[in-house]
Number of protein chains: 2
Amino acid sequence: MGHSQADKVASHLRIVEIAAARLREEGLERPAIGELMREAGLTHGGFYRHFGSRGELVDEAMVRALWDGARRMSDAVTASRKHGDDPFAAMVTAYLSPEHREDLAGSCAVTTLGGDVARGSELTRAAYGNQVESYLRVLEGLLDEPVPAARRQRAVLALAAMVGAMTMARAVADPKLSGELLERVGEALTEGPS
Amino acid sequence: MGHSQADKVASHLRIVEIAAARLREEGLERPAIGELMREAGLTHGGFYRHFGSRGELVDEAMVRALWDGARRMSDAVTASRKHGDDPFAAMVTAYLSPEHREDLAGSCAVTTLGGDVARGSELTRAAYGNQVESYLRVLEGLLDEPVPAARRQRAVLALAAMVGAMTMARAVADPKLSGELLERVGEALTEGPS
DNA sequence: ATTATCTATAGATCTATAGATAATGC
DNA sequence: ATTATCTATAGATCTATAGATAATGC
């Protein structure tokens with residue numbers, strides 16, 4: 001029985017981290033408290049010393065999921081800058097990669113949990129909005145379009161197309177169609193100068 | 001107690017119709033059989049003379065939801081042809097309208113249930129794929145781009161952008177950002193000749 | 001003494017089934 | 001006689017709480 005306050009902080013973090021992954025795999029409603037606690041190496045009953053309710057964990061885990069779901073893209077941008085490649089194209093390619101499609105647990109929550117958040121708490125929807133705005137600012141920074149309004153429009157189009165393509169690529173039964181959605185949108189967005 | 005076989009057919013249809021709306025409002029898991037049956041004017045226990053399990057109803061209701069969620073768009077295309085307007089622009093505008101954003105129960109299930117279908121049954125994912133392919137063919141038919149590959153690419157980009165924009169517009173807390181997402185994507189897709 | 005975690009359980013909810021009821025349809 | 005629907009309930013599952021246990025930290 002770990003008992004120190006340091007242990008409690010570590011337990012809390014572990015629960016949120018596990019929930020952030022499991023929510024993306026199974027949606028905001030499915031994973032049961034008992035399962036999450038077991039996966040964290042704890043028992044069901046201890047949960048309520050960490051969170052007032054299941055909803056509180058979901059809110060906290062959503063913030064975490066939104067944040068670390070963006071890592072794949074920011075990593076790709078960083079790497080492309082080292083190699084002198086186009087960072088906008090690198091971000092689009094990373095987002096639309098089959099690896100991202102397959103890795104639900106580590107995926108971008110803007111796509112994976114969009115539908116659930118629309119029916120979710122106000123706090124969750126605020127965090128979601130912040131992540132969308134953050135993506136848009138990154139994309140605007142990567143585009144070398146001089147007119148601000150046109151730059152913003154291209155950033156919004158790119159983000160919307162990436163989110164929509166990935167949503168459909170994951171839901172569609174036919175692997176060929178799934179691949180086509182990712183590839184064609186990738187081509188359309190990276191064609192011409194960024 | 002209605003008892004005729006005609007009544008049974010009507011009951012079945014009513015249950016599926018109600019489920020198709022409620023699933024889009026609350027996701028594939030939430031609505032309980034008892035609620036759906038009550039809304040259909042029936043009682044809980046009668047359910048299993050119509051469906052072998054809850055999953056069977058979900059499969060059937062998803063097919064229905066995907067089908068009648070496309071009506072708004074096909075209506076807009078028909079109307080635009082009467083008025084001599086651009087049918088591609090009419091479809092994009094109808095999809096990205098605030099009315100569509102608000103009307104979850106009657107919305108396009110490709111957007112509303114994309115995340116749930118990714119975790120859903122094979123039958124559901126097959127129906128989803130058919131609806132995506134159907135949308136793509138409609139869009140290809142509306143674009144006056146002569147090169148087939150380029151036409152297909154533009155159709156895929158347009159559908160992905162519409163689905164992604166609507167997903168985010170529904171999930172985001174800030175109404176201003178929500179409106180901007182719909183408007184900018186609408187402008188980007190209808191700018192220039194279709 | 002305090003508290004992080006555990007064991008045990010109450011209370012709610014949901015799917016699925018069993019058996020009764022009352023029209024339909026041969 | 002058949003069957004569409006209803007009433008009632010078994011069985012599973014899940015959230016939240018109550019009280020016990022065993023380290024921590026003053």
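Throughout, a chain's letter reflects where its sequence line sits, starting with A, and its residues are numbered from 1. Keep in mind the model is a prediction, meaning the values are calculated, not measured.
A:Lys8 has its NZ atom 15 Å from the C1' atom of D:dA23, to the nearest Å. In this entry the distance linking CD1 of A:Ile15 with C1' of C:dA4 reads 11 Å, nearest Å. B:Phe51 places its CZ atom 14 Å from the C1' atom of D:dT5, with the value rounded to the nearest Å. Look at NE2 on A:His12: it is 16 Å from C1' on C:dT3, rounded to the nearest Å. In this structure, B:Leu13 places its CG atom 16 Å from C1' of D:dA4, rounding to the nearest Å. One can place CG of A:Asp7 at 15 Å from C1' of C:dT2, the figure rounded to the nearest angstrom.
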Acceptor/donor pairs from residues 156-167 of chain B side chains to any protein atom, 3.5 angstrom cut, sequence neighbours excluded:
residue: B:Thr167; atom: OG1; partner: B:Val163; partner atom: O; Å: 2.8

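Residue B:Ser4 has its side chain nearest to C:dG25 when only D:dT24, C:dC6, C:dG25 are considered. Checking D:dT3, C:dA4, D:dC6 against every side-chain atom of B:Leu42, the shortest atom distance belongs to D:dC6.
When the salt bridge (charged side-chain N to carboxylate O under 4.0 Å, His left out) test is applied to A:Glu60, no partner is found at least two apart in sequence or on another chain. Under the salt bridge (charged side-chain N to carboxylate O under 4.0 Å, His left out) criterion, B:Arg184 pairs with B:Glu180, not counting sequence neighbours. Take A:Glu99 and apply the salt bridge (charged side-chain N to carboxylate O under 4.0 Å, His left out) test, not counting sequence neighbours, and it matches no residue. The ring pair (Phe, Tyr, Trp, His ring centres under 6.0 Å) test applied to B:His12 returns B:His50, B:Phe51, not counting sequence neighbours. Evaluation of the salt bridge (charged side-chain N to carboxylate O under 4.0 Å, His left out) rule for B:Glu39 yields B:Arg22 as partners, not counting sequence neighbours.
Two different hydrophobic clusters hold A:Val16 and A:Leu28 under the rule that ILVMFWY side chains link at heavy-atom gaps under 4.5 Å.
A heavy atom lying under 4.0 Å from DNA chain D marks none of the residues of residues 56-65 of chain B.
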Give every pair of a protein N or O atom and an N or O atom of nucleotides 14-17 of chain C that lie under 3.5 Å apart, one pair per line with the distance.
residue: C:dT15; atom: OP1; partner: B:Arg54; partner atom: NE; Å: 2.9
residue: C:dT15; atom: OP2; partner: B:Ile33; partner atom: N; Å: 3.2
residue: C:dA16; atom: OP2; partner: B:Tyr48; partner atom: OH; Å: 2.7
residue: C:dA16; atom: OP2; partner: B:Arg54; partner atom: N; Å: 3.0
residue: C:dA16; atom: O5'; partner: B:Tyr48; partner atom: OH; Å: 3.3

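Listed pair B:Ser11 / D:dT5 meets the phosphate criterion, a side-chain N or O lying under 4.0 Å from OP1 or OP2.
Residue pairs meeting the ring-ring contact (aromatic ring centres under 6.0 Å, His included) criterion with at least one member in residues 152-186 of chain B: none, sequence neighbours excluded. Here side-chain hydrogen bond (donor to acceptor under 3.5 Å, both in side chains) pairs that include residues 69-80 of chain B, with residues two or more places apart or in two chains, are B:Arg72-B:Asp103. The list of side-chain hydrogen bond (donor to acceptor under 3.5 Å, both in side chains) pairs with a residue in residues 129-139 of chain B, not counting sequence neighbours, reads B:Glu133-B:Arg152.
Using a 4.0 Å cut-off between charged side-chain N and carboxylate O, A:Glu122 and A:Arg125 make a salt bridge.
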Show me the dot-bracket string of DNA chain C, counting Watson-Crick or G-U pairs under 3.5 Å, with | for pairs to another strand and [ ] for crossing ones. ||||||||||||||||||||||||..

